[in-house]
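I have placed the structure first, in the form of structure tokens, so that the comments after it can refer back to it.
Throughout, protein chains are lettered first and strands after them, A, B, ... in sequence-line order, and every chain is numbered starting at 1.
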Amino acid sequence: MAEFESTSYSFGDLSGEMDQPIMTVCDDDDFDEPVRETIMRDLRDVGHKFKHVVFPLKEGSNLLLRDWDLWGPLLLCMVVGAILHEGQGGPHFTQFFVLFWMGSAVVTLNNKLLGGTISFFQSVCVLGYCIAPLVGALLFCRIVLISTQGAFLLRFALRFVVTLVAFGWSSRAAMCFIGDTAPSDRRFLAVYPMVLFYFIISWLVITYSG
Amino acid sequence: MPGAQPSKKTYPSLFSISFYQKCWDVTTNEVRLRVKSAMMPREDFLKNLRGKPDLYGPFWVAVTLCFSTAICGNLANFVQNKGDPAYVYAPEFERVTSAASAIFGYVFVFPMFLSVVMYYSKIMTGFSAVELLTAYGYSLSIFIPISFFWIIPVEFIRWLLVIFASVVSGAVVGLPIYNGLKAVTNKQKAYAVLALAVVANLGLSVGFKMYFFEAPLNPSGFVPPVQPPVEIQQQPVVPENPVEVEEVAPIVDEAPAVENPVVPEVPEPVEPQAVESVEESKEVAEPELVAQEQVQDAPEAVEAPEAPVEAPVVDAEEAAREEHVEEVLHQLPRVASPVQAAAEEPAQVPEVQAPEGAEG
């Protein structure tokens, strides 16, 4: 029965033992395994990518570029959007959502127009994942704002330093992955919009006043 | 499909990347030189292009300028109002969207409009519409450092910067237009086009300054909230009929919580003042919020309709209160003049005390 369910392109003799599959490549395991396994596998992939972003290594760059997915960026975008939504005078969730995705799309398009060799979704995936340090900074700022009162200058200096470090981290991580894909005489032209994108998000993080 | 007609030249479609790629065909060096010649215009900008317009510069200069004006405007606001205790810092993100409309309109829509005007007026210039767009885009690059200098809170310096920015960005765009229009025979049309460009340029600089970097009208910056009407309207709400006691007593409980012993003034002005206080800023609601929490402390034996509502919807709360106050006021026939009100105050005070005593 297994043979009839799997997509087998074998041209071999279909007669034979029913329980001996002709082709070894049959993916019906996906349908047999429990749902929890499928979800955990995807979650592990996402977590793996986060680790590669936070500690960028050269050999890890293949992972993000080859097996891109947009779950990580979506999760980060929603976390930041939800936190920034309640801040007064700051962007609403919709505004941040549009800024994030349109910003990633525009930076990616710019890279491609300059002759970059990266594909659209790969670049959006990398840009989204590399926001992770800034999301950490936003959570830190929120904790600082909630837990302490008064001493405005000290709190602000702390938040400023953390946000600055996160901005540098994000930009460097993104440059690690994408920087090489642009032609050599246009590298700055490709990197500048990326840095601007992270700068704008850092600005939103630092001005978040709860 | 690729090998179908090898000899036929196909134009890239509007939706493909290669259609726009020829406008992004610039190197870092070229962009740097173009920005430099836009910030210090010495010669015709379009001659420097050498027939290779690009859209990278206009687009990214426009985006950078959007955010730099919004951010520096926000900083300028902060610097000016720093000492004011009523000022609460807000990032004012909505300014980015208005900046974007103005800037993208000026960089992308206006040169197209000018080109159409010149085309239909049969004015032949030496440059194309895209080249004019490139010039307009790069001309805004001077505004980015200028927006940092606009943070300085001295009005005279700001207006000087407006003039300087107008002159520089106007020269970047005006010189090519002027050179292109020199050969035109119909001088009136040429001057009209030039005037249009100058007016738009001035409008942009002045608009930036006035929208983002305007000094506040009064020296202290923010109008402090009007406190007294909120307290005054509590006193006359003292009930005449005991039916009102349950609803109104918790409100009256706030009277001792309020620090200054408020003498109940004329109840008729309370109404317009109450209406005024609804239209005041949100800070007015704060003493009411404080009062709400004190209502909450009042013993739950008295069913207060506003008691469970503690913090969130201030406006609805305020409106409900105003309605309630007005309807109670309407039921007070006796208080018709300030003298009478003042005379009745000692009569009302024991009634104020009695519900308190009943609850306390």
So between chain B and chain A, what donor-acceptor pairs come in under 3.5 Å?
{"unit_1": "B:Gln21", "atom_1": "NE2", "unit_2": "A:Lys112", "atom_2": "O", "d": "3.4"}
{"unit_1": "B:Trp24", "atom_1": "NE1", "unit_2": "A:Asn110", "atom_2": "OD1", "d": "3.1"}
{"unit_1": "B:Asp25", "atom_1": "OD1", "unit_2": "A:Arg186", "atom_2": "NH2", "d": "2.7"}
{"unit_1": "B:Val26", "atom_1": "O", "unit_2": "A:Arg186", "atom_2": "NE", "d": "3.1"}
{"unit_1": "B:Thr28", "atom_1": "N", "unit_2": "A:Asp185", "atom_2": "O", "d": "3.1"}
{"unit_1": "B:Thr28", "atom_1": "OG1", "unit_2": "A:Asp185", "atom_2": "O", "d": "2.8"}
{"unit_1": "B:Tyr56", "atom_1": "OH", "unit_2": "A:Leu189", "atom_2": "O", "d": "2.7"}
{"unit_1": "B:Trp60", "atom_1": "NE1", "unit_2": "A:Asn110", "atom_2": "OD1", "d": "3.0"}
{"unit_1": "B:Thr64", "atom_1": "OG1", "unit_2": "A:Tyr192", "atom_2": "OH", "d": "2.7"}
{"unit_1": "B:Glu92", "atom_1": "N", "unit_2": "A:Gly89", "atom_2": "O", "d": "3.2"}
{"unit_1": "B:Phe93", "atom_1": "N", "unit_2": "A:Gly89", "atom_2": "O", "d": "3.1"}

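- Within the 4.5 Å cutoff, side-chain heavy atoms of A:Leu139 are placed close to those of A:Ile83.
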Could you walk me through whether A:Ile206 and A:Phe156 satisfy the side chain to side chain contact (heavy atoms under 4.5 Å, CB included) test, starting with their C-alpha distance in whole Å, then the side-chain angles of each, then the deciding distance to 0.1 Å, before giving a yes or no? CA-CA 8 Å; A:Ile206 192 71; A:Phe156 178 75; 4.2 Å; yes
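- For A:Leu189, the parts lying under 4.5 angstrom from a heavy atom of chain B are both the backbone and the side chain.
- Heavy-atom minimum distance, A:Leu70 versus A:Val124: CD2-CG1, 3.9 Å.
- Interface with chain A: from residues 103-112 of chain B, no residue qualifies, criterion being any non-hydrogen pair under 4.5 Å.
- Within the 4.5 Å cutoff, no side-chain heavy atoms of B:Ile146 are placed close to those of B:Phe149.
- Heavy atoms closer than 4.5 Å to chain B are found in the side chain of A:Leu99, but not in its backbone.
- Using a 4.5 Å heavy-atom threshold, the side chains of B:Phe45 and B:Val173 count as separate.
- You'll find the side chain of B:Ile71 reaches within 4.5 Å of the side chain of A:Phe199, heavy atoms only.
- In terms of heavy-atom pairs under 4.5 angstrom with chain B, the leader among A:Pro193, A:Gly90, A:Gly115, A:Pro183 is A:Pro193.
- Partners of B:Ser169 by side-chain hydrogen bond (donor to acceptor under 3.5 Å, both in side chains), not counting sequence neighbours, listed by chain and number: B:Asn201.
- Of all the heavy atoms in B:Val172 and B:Pro176, the pair that sits closest is O-CD, 3.1 Å.
- Contacts between B:Val96 and chain A at a heavy-atom distance below 4.5 Å are absent for every atom of the residue.
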Residue pair B:Phe59, A:Leu113: steps toward the side chain to side chain contact (heavy atoms under 4.5 Å, CB included) verdict: CA-CA 13 Å; B:Phe59 185 75; A:Leu113 283 168; over 6 Å; no
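- In this structure, the portion of A:Ile200 lying under 4.5 Å from any heavy atom of chain B is its side chain and not its backbone.
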Any chance you could lay out the side chain to side chain contact (heavy atoms under 4.5 Å, CB included) test for B:Trp150 and B:Phe208, step after step, and finish with the verdict? CA-CA 10 Å; B:Trp150 261 332; B:Phe208 272 157; 4.0 Å; yes
Is there a side chain to side chain contact (heavy atoms under 4.5 Å, CB included) between B:Val61 and B:Tyr136? Walk through the geometry before answering. CA-CA 10 Å; B:Val61 165; B:Tyr136 263 91; over 6 Å; no
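- Listed by chain and number, the residues in a side-chain hydrogen bond (donor to acceptor under 3.5 Å, both in side chains) with B:Ser115 amount to none (sequence neighbours excluded).
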